[in-house]
Amino acid sequence: MRKIALITGATSGLGKAIALRLAKDGCDIIITGRRQERLEEVEKEIEIKYESKVHSLCFDVRAYDEVEKAIASLPDEWKNIDILVNNAGLAVGLDPIHKGVVDDWVRMIDTNIKGLLYITRVVSPTMVSRKSGHIINIGSIAGKAVYPNGAVYCATKYAVNALHQGMRIDLLPFGIRVTQVCPGAVDTEFSLVRFKGNQQRADKVYEGYKELDADDIAEAVSYAVSQPPHVNIQDMLVMPTAQATGTLFHKEEEKKQD
Ligand code: NDP
Ligand code: 8X3
């Protein structure tokens, strides 16, 4: 029987790559995000490339009523979600605490913490009643060590780390697997969002070293999902070879080509 995987934030970056990879691995896929036209593009791409059925849900993870409504709207054949990938998230701004923009903080906290909680609250009860399921939380190197000017984003990823551990404990009696995948720098729309559309500033983040591709993280998710039922990959920290910590990079003069 084909598994159903729901991936939040599948309109770009890691979420899109994970959706495509799990489709390739034989899952039917529910993709979510706020950009309807992007959802349609990803849906088409999966259907063209793979055998999978795809269902799209357009909503904002920050609004609990939207989350509830979206999951309740799933047709019966889509309701038994086997794999939930809590991926939707963002960083906004890179400022010292005394200069932080309060609206940026609210966006990060509401998306990365509350959004992850809301979707988990709505999806996990069916897993509990079926005594089966797998939740993948996308954390970050930013959830392992704080870096300058990133206190609030890092705090949200520390929160993901804590919620991940809590989920693992609370869902233990129900045979539900819980995995955290923590990437270092991946070239996605992440930095463009962080720097509010400033492409030049975003590009600089990935200059001088070989960053991770979204497919590298999709590979890690696929590995965790494909383990036999008695194996839970609990925590994975996946870094570019040229990045040792959140801020320590080995950069070359010229960006290495593949
Ligand atoms: P992208 O900006 O490429 O993708 C972010 C995704 O999240 C988009 O699909 C976006 O969809 C979705 N999203 C953002 N806000 C909301 C919202 N309020 N409601 C619903 N969906 C939302 O970035 P990444 O792929 O890099 O980021 C994915 C995850 O990976 C994040 O949790 C991030 O913190 C984490 N991460 C990223 C790293 C990196 O270096 N890129 C490293 C470590 C972790 P839409 O705009 O359509 O709503
Ligand atoms: C994203 C990676 O190091 O830019 O979580 O915070 S970092």
Side-chain angles (χ1 to χ4, degrees), residues 6-20 31-43 56-64 66-67 70 85-94 104 106-119 136-161 163-164 180-197 201-202 204-206 209 211-218 220-221 236-240 242-249:
L6 184 153
I7 300 104
T8 65
T11 53
S12 70
L14 306 189
K16 179 180 170 184
I18 294 165
L20 280 153
I31 49 174
T32 87
R34 291 165 300 176
R35 289 171 288 181
Q36 178 62 40
E37 66 293 350
R38 290 281 198 102
L39 286 170
E40 286 165 19
E41 282 167 28
V42 176
E43 189 168 334
S56 300
L57 294 173
C58 189
F59 64 92
D60 189 326
V61 293
R62 293 172 294 180
Y64 186 65
E66 283 189 37
V67 175
V85 184
N86 278 322
N87 165 75
L90 77 182
V92 198
L94 191 64
D104 293 349
V106 171
R107 282 178 65 194
M108 290 187 276
I109 291 166
D110 285 359
T111 309
N112 301 358
I113 305 176
K114 293 187 191 171
L116 179 143
L117 274 172
Y118 293 162
I119 190 91
I136 314 269
N137 295 307
I138 302 298
S140 172
I141 178 64
K144 306 275 186 189
V146 178
Y147 54 78
N149 304 323
V152 177
Y153 175 67
C154 291
T156 67
K157 289 297 178 179
Y158 270 73
V160 170
N161 189 32
L163 293 170
H164 163 69
Q180 179 174 234
V181 178
C182 297
V186 195
D187 191 359
T188 61
E189 293 176 16
F190 177 84
S191 293
L192 194 61
V193 172
R194 165 167 259 174
F195 298 123
K196 303 175 183 176
R201 229 181 138 191
K204 269 195 111 44
V205 173
Y206 308 107
Y209 68 103
E211 75 285 48
L212 296 172
D213 298 321
D215 286 341
D216 299 322
I217 301 306
V221 170
M236 293 171 92
L237 177 59
V238 185
M239 302 290 284
Q243 182 187 10
T245 71
T247 50
L248 185 62
F249 292 82

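Residue numbers start at 1 and run along the sequence shown. We count ligands from 1, going down the list as the structure has it; atoms in each ligand are counted the same way.
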- Message: Donor-acceptor check, side chain of D110 to backbone of R62, threshold 3.5 angstrom: yes or no?
- Response: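 Pair absent, no side-chain N/O of D110 close to backbone of R62.
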
Indicate yes or no for a side-chain donor-acceptor contact from E66 to the backbone of F59 under 3.5 Å, with no hydrogens or angles considered.
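Side chain of E66 to backbone of F59, a donor-acceptor pair under 3.5 Å: no, none is there.
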
| E189/K16 ion pair, N-O < 4.0 Å |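 Between K16 and E189 there is no salt bridge, as every charged N stays at least 4.0 Å from the carboxylate O atoms.
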
*Among S140, G89, A214, G115, which residue places a heavy atom closest to atom 5 (C) of ligand 1?*
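Minimum heavy-atom distance to atom 5 (C) of ligand 1 goes to G89.
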
Please write down residue, atom name and distance for the protein heavy atom closest to [atom].
{"atom": "atom 7 (S) of ligand 2", "result": "Y147 OH, 3.6 Å"}
{"atom": "atom 11 (O) of ligand 1", "result": "T11 OG1, 2.9 Å"}
{"atom": "atom 24 (P) of ligand 1", "result": "T188 OG1, 3.4 Å"}
{"atom": "atom 19 (N) of ligand 1", "result": "V61 N, 3.0 Å"}
{"atom": "atom 31 (C) of ligand 1", "result": "N87 O, 3.2 Å"}

Would V193 count as a polar contact of ligand 1, with the cut-off being nitrogen or oxygen pairs under 3.5 Å?
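In fact, backbone or side chain, V193 has no N or O that close.
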
Report yes if G9 has an N/O atom closer than 3.5 Å to an N/O atom of ligand 1; otherwise report no.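 Yes, at least one N or O pair falls under 3.5 Å.
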
For ligand 1, does [X] get within less than 4.0 Å through its side chain, its backbone, both, or neither, judged by non-hydrogen atoms?
{"X": "K157", "value": "side chain"}
{"X": "S191", "value": "neither"}
{"X": "Y153", "value": "side chain"}

At under 4.0 Å between heavy atoms, is it the side chain or the backbone of I141 that contacts ligand 2, or both, or neither?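 Within the 4.0 Å criterion, I141 contacts ligand 2 through side-chain atoms alone.
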
Which pair of heavy atoms, one from M108 and one from L90, lies closest together, and at what distance?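 Minimum heavy-atom separation between M108 and L90: CG-O, 3.7 Å.
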
* To do: Would you mind listing which atoms of ligand 1 come within a distance below 4.0 Å of any non-hydrogen atom of G13?
  =>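 Going through ligand 1 atom by atom, the ones under 4.0 Å from G13 are 3 (O), 25 (O).
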
With rounding to the nearest 0.5 angstrom, report the CG to OG distance, N87 to S12.
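Here the interatomic distance stands at 8.5 Å.
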
Evaluate the criterion ring pair (Phe, Tyr, Trp, His ring centres under 6.0 Å) for residue pair F190 and Y153; output intermediate values, then yes/no.
CA-CA 12 Å; F190 177 84; Y153 175 67; 5.5 Å; yes

